[in-house]
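For reference, the structure is listed below as structure tokens.
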Amino acid sequence: MYIGMRESQANKWMKQALAEAGLGPASIFATTQFGVNAALPHGGAPEKVLERQDLITFDVGGVLHGYWSDVTRTFALPESQIPSRHLEIWNLVKEAQDAAFKIATKGVNAMDVDRAARSVIEKGGFGEFFSHRLGHGIGIDLHESPYLRGDSQNHLAVGNTFSNEPGIYIEREIGVRLEDCFVVEDGTPLLLTSGVGGPSRSPWIL
């Protein structure tokens, strides 16, 4: 990737990489958003060229061996010049994701997992900009019950698989989302990205 490229070009490269990894071609999805465009998590903004002050967001997945994957990364290129406020927002989203992982164990109410992440973002002053549930069940279908959301009465059971995807979206400024899927076990949840680098550790590392 490079400063000056278009979202559509990066998106094409990502889909090619997913196909080469063995995901079913008909199932592959990829959304690529640069900078301010990521403030609209479901897309809809005019295509953007990558600038030095832009973070990059990829939301990608597909089917492998009959099961869906879903991963989101927000990151910067080494030569980017990201505003300090945007890096602070990235770190807050990361903290929220970590808080949810910590309590996502057998028997915990799904509502409390959502609350763990949401409270971090609220305490950071950005609660109004976290505009969706924390996560969804995933497996045979891309989105399936149960869900990690504020009104859920479901309790996590061993074998449940969820996305954990907190985000902050400030229109006309920035969008940051980090997403990893995990399986509920008797102890610490199993991260499904652990074999391919694990969750994000820094905005400077994809």
Side-chain angles (χ1 to χ4, degrees), residues 7 11 14-15 17-19 21-33 37-45 56-74 93-94 96-118 120-121 127 129-169 175-185 189-200:
E7 288 172 328
N11 209 57
M14 178 58 74
K15 287 183 175 180
L18 293 172
L23 277 68
S27 72
I28 290 171
F29 67 89
T31 301
T32 302
Q33 297 173 304
N37 280 3
L40 300 174
H42 301 294
I56 300 161
T57 296
F58 281 116
D59 184 348
V60 305
V63 174
L64 184 66
H65 305 309
Y67 290 89
W68 281 92
S69 60
D70 193 2
V71 179
T72 304
R73 292 288 180 266
T74 299
V93 172
K94 172 60 177 170
Q97 190 190 45
D98 289 346
F101 276 133
K102 270 184 188 174
I103 74 158
T105 55
K106 181 179 72 172
V108 171
N109 194 313
M111 172 175 59
D112 294 330
V113 183
D114 180 281
R115 171 50 49 192
R118 200 168 300 276
V120 170
I121 292 175
F129 303 110
F130 182 8
S131 54
H132 56 73
R133 67 191 175 217
L134 175 65
H136 55 84
I138 184 170
I140 299 297
D141 293 321
L142 177 59
H143 295 89
E144 58 187 39
S145 181
Y147 295 89
L148 302 177
R149 63 188 186 198
D151 62 350
S152 176
Q153 295 304 312
N154 293 109
H155 290 78
L156 275 57
V158 171
N160 284 162
T161 306
F162 296 97
S163 68
N164 176 4
E165 49 182 306
I168 292 174
Y169 313 95
V176 173
R177 183 169 66 261
L178 300 174
E179 177 183 15
D180 292 82
C181 293
F182 66 91
V183 180
V184 178
E185 299 196 326
L190 173 65
L191 275 167
L192 295 182
T193 50
S194 60
V196 287
S200 295

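Computed from a predicted structure; not experimentally measured.
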Would the distance check show the side chain of [X] and the main-chain N or O of [Y] forming a donor-acceptor pair, the cut-off being under 3.5 Å?
X	Y	result
Arg177	Thr57	no
Ser194	Leu191	yes
His136	Leu142	yes
Gln33	Leu40	yes

Practice item. Dump the intermediate steps for side chain to side chain contact (heavy atoms under 4.5 Å, CB included) on Asn164 and Leu178, then the final yes or no. Key: CA-CA 8 Å; Asn164 176 4; Leu178 300 174; over 6 Å; no
Point to revise | 4.5 Å side-chain heavy-atom contact, Phe162 and Val113 | key: no
Point to revise | Note, Ile140 side chain near Tyr67 side chain (heavy atom, < 4.5 Å) | key: yes
Grab the two heavy atoms, one from [X] and one from [Y], that are nearest each other, plus how far apart they are.
X	Y	answer
Ala110	Tyr147	CB-O, 3.4 Å
Leu18	Gly61	CD1-O, 4.1 Å
Pro199	Gln97	CB-OE1, 4.3 Å
Asn109	Asn154	OD1-O, 3.3 Å
Ser27	Val63	OG-N, 2.8 Å
Asn11	Ala30	OD1-O, 3.0 Å

Exercise for review: Could you tell me whether Asp98 and Lys94 have a side-chain N and a carboxylate O separated by less than 4.0 Å?
Suggested key: yes
**Study point:** Partner of Lys106 by side-chain contact (heavy atoms from CB on, under 4.5 Å), out of Val158, Asn160, Leu156
**Key:** Val158
Point to revise | Distance-only side-chain donor-acceptor flag, Thr193 / Asp180, under 3.5 Å | key: yes
Can you tell me how far the [atom1] atom of [X] sits from the [atom2] atom of [Y], to the nearest 0.5 Å?
X	Y	atom1	atom2	result
Arg149	Leu134	CZ	CG	12.5 Å
Met14	Thr32	CE	OG1	6.5 Å
His132	Arg118	NE2	CZ	8.0 Å
Arg115	Ser152	CZ	OG	13.5 Å

Practice item. Assess whether side chain to side chain contact (heavy atoms under 4.5 Å, CB included) is satisfied between Phe58 and Thr31, documenting all intermediate values. Key: CA-CA 6 Å; Phe58 281 116; Thr31 301; over 6 Å; no
Practice item. For Ser69 and Leu23, run side chain to side chain contact (heavy atoms under 4.5 Å, CB included): C-alpha distance rounded to whole Å, both residues' side-chain angles, the deciding distance at 0.1 Å, then the answer. Key: CA-CA 9 Å; Ser69 60; Leu23 277 68; 4.0 Å; yes
Exercise for review: Can you sort out the partners of Glu185 under side-chain contact (heavy atoms from CB on, under 4.5 Å), two or more places apart, ordered by chain and number?
Suggested key: Leu190
Practice item. Quick one: sort the Trp68 and Phe29 rings into parallel, tilted or perpendicular, breaks at 30° and 60°. Key: tilted
Exercise for review: Check salt bridge (charged side-chain N to carboxylate O under 4.0 Å, His left out) between Lys15 and all other residues, then give those that pass, not counting sequence neighbours.
Suggested key: none
